[in-house]
Amino acid sequence: MQYPTNKEKANKVAVCGVLTALALIFSYVEVLLPLPLGIPGIKLGLANIVILAAIYTVGPKYAFSINAVRVCMAALLFGSVFSAIYAMCGALVSFAGMVLLKKTGLFSPAGVSMAGGVLHNLGQLGVACTIMETAGVMYYFPVLLFSGMACGAGIGILATIILRRIHRMPA
């Protein structure tokens, strides 16, 4: 087993810093561009482009840190305590599912992203059920299932294009 040098570690940390900033920018852009669907709570998940690319390039450990820092900073800058709880739970469930599906090797980044979108919504519904002390909010799951799949597919396609271009770059 070959251990990374200090320069390689420093480069990876620098890349993670840039990816965290980019994910935070995408989170802010998403706040500025609400979807005109008339259905509350549906978002594109633009920051997930960065998280998905990070899972495939720098690895799950670093991608997790990027995601956690992005969610916390977004909540502090343009959210609230409740938005932080919903976002973190959705992000944790989504991230765990995406990493597991990627490890199987059976899914493309678009498939992994679709599952991530659905799992994010499911995690947030779980929080809503807990806070409201009722499972009644689960009636909303079919709407969120389809929106998570659709947005996840779009995000996954964009991430796939980005990953292909990253891998073509010279080292």
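Side chains included, hydrogens not; waters and symmetry mates left out as well; all remaining heavy atoms used.
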Participant: Let me check something: do V13 and V18 share a hydrophobic cluster, defined by ILVMFWY side-chain heavy atoms less than 4.5 Å apart, either directly or through other members?
Facilitator: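 Per the 4.5 Å side-chain linkage, V13 and V18 are not co-clustered.
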
Participant: For the atom pair OH (Y139) and CG (L125), what is the distance rounded to the nearest 0.5 Å?
Facilitator: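 Nearest 0.5 Å value for the OH-CG distance: 9.5 Å.
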
Participant: One pair to check against side-chain contact (heavy atoms from CB on, under 4.5 Å): N48 and F26. What are the steps and the verdict?
Facilitator: CA-CA 9 Å; N48 204 42; F26 284 168; over 6 Å; no

Participant: Other than L76, what residues sit in its cluster of Ile, Leu, Val, Met, Phe, Trp and Tyr side chains whose heavy atoms are under 4.5 Å apart, directly or through others?
Facilitator: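 Besides L76, the hydrophobic cluster comprises nothing; the residue is isolated.
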
Participant: Mind checking who shares a hydrophobic cluster with F82, ILVMFWY linked at side-chain heavy-atom distances under 4.5 Å?
Facilitator: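 V81, I85, Y86, V127, I131, which link up through side-chain heavy atoms under 4.5 Å apart, make up the rest of the cluster.
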
Participant: Can you name the closest pair of heavy atoms from A159 and L52 and give their distance?
Facilitator: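 So the minimum-distance heavy-atom pair works out to CB-CD2, 3.5 Å.
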
Participant: Please report the interatomic distance CD1(I51) to CG(L19), rounded to the nearest 0.5 Å.
Facilitator: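 Output value for this atom pair is 8.0 Å.
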
Participant: Using only atom types and a distance under 3.5 Å, with no angle test, would you say the side chain of S113 pairs donor to acceptor with the backbone of A153?
Facilitator: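 Not confirmed, S113 side chain does not pair with A153 backbone.
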
Participant: Among Ile, Leu, Val, Met, Phe, Trp and Tyr joined by side-chain contacts under 4.5 Å, find the other residues sharing a cluster with L77 and list them by chain and number.
Facilitator: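 Taking Ile, Leu, Val, Met, Phe, Trp and Tyr as members, L77 shares its hydrophobic cluster with L24, Y28, V31, L32, V69, M73, F78.
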
Participant: Compare every heavy atom of C151 with every heavy atom of L44, then report the nearest pair and how far apart it is.
Facilitator: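 Reported closest heavy-atom pair: O-CB, 3.7 Å.
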
Participant: Please enumerate all residues that pass side-chain hydrogen bond (donor to acceptor under 3.5 Å, both in side chains) together with N121, with sequence neighbours excluded.
Facilitator: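 Testing N121 for side-chain hydrogen bond (donor to acceptor under 3.5 Å, both in side chains), a comparison that skips the adjacent residues, returns none.
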
Participant: Would you be so kind as to tabulate the donor-acceptor pairs closer than 3.5 Å made by side chains of residues 91-110, with sequence neighbours excluded?
Facilitator:
residue	atom	partner	partner atom	Å
S94	OG	G116	O	3.0
T104	OG1	L101	O	2.6
T104	OG1	L106	N	3.2
S108	OG	A110	N	3.3
S108	OG	G111	N	3.2

Participant: List the atom pairs, donor and acceptor, that lie under 3.5 Å between side-chain atoms in residues 60-67 and the rest of the protein, sequence neighbours left out.
Facilitator:
residue	atom	partner	partner atom	Å
S65	OG	K61	O	3.4
N67	OD1	R70	NH2	2.9

Participant: Could you check whether atom CZ of F146 has more than 12 heavy atoms from other residues, nucleotides or ligands sitting under 6.0 Å from it?
Facilitator: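 It does not: F146 CZ has 12 such atoms or fewer within range.
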
Participant: About how many Å separate OG1 of T20 and CD1 of I25, when rounded to the nearest 0.5 Å?
Facilitator: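 If I round to the nearest 0.5 Å, the distance is 11.0 Å.
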
Participant: Does a side-chain heavy-atom distance below 4.5 Å link T134 with C129?
Facilitator: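 No; the side chains remain at least 4.5 Å from each other.
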
Participant: Report the distance from atom CG of L119 to atom CE of M114, rounding to the nearest 0.5 Å.
Facilitator: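 CE of M114 is found 11.5 Å from CG of L119.
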
Participant: Within this structure, what is the NZ-OG distance for the pair K43 and S147, rounded to the nearest 0.5 Å?
Facilitator: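 If I round to the nearest 0.5 Å, the distance is 12.5 Å.
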
Participant: Taking all heavy atoms of V58 and all of K12, pick out the closest pair and write down the distance.
Facilitator: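 V58 and K12 have their closest heavy atoms at O-NZ, 3.4 Å.
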
Participant: Quick one: CD1 on I161 to CD1 on I166, what's the gap to the nearest 0.5 Å?
Facilitator: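 Spacing of CD1 (I161) from CD1 (I166) equals 12.0 Å.
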
Participant: Could you check whether any side-chain N or O of E30 sits under 3.5 Å from a backbone N or O of A47, counting only pairs where one atom can act as donor and the other as acceptor?
Facilitator: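 Pair absent, no side-chain N/O of E30 close to backbone of A47.
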
Participant: Where do H120 and C89 land on the side-chain contact (heavy atoms from CB on, under 4.5 Å) test, with the steps shown first?
Facilitator: CA-CA 8 Å; H120 184 86; C89 289; over 6 Å; no

Participant: Could you walk me through whether L46 and S27 pass the side-chain contact (heavy atoms from CB on, under 4.5 Å) test, one step at a time?
Facilitator: CA-CA 7 Å; L46 295 174; S27 292; over 6 Å; no

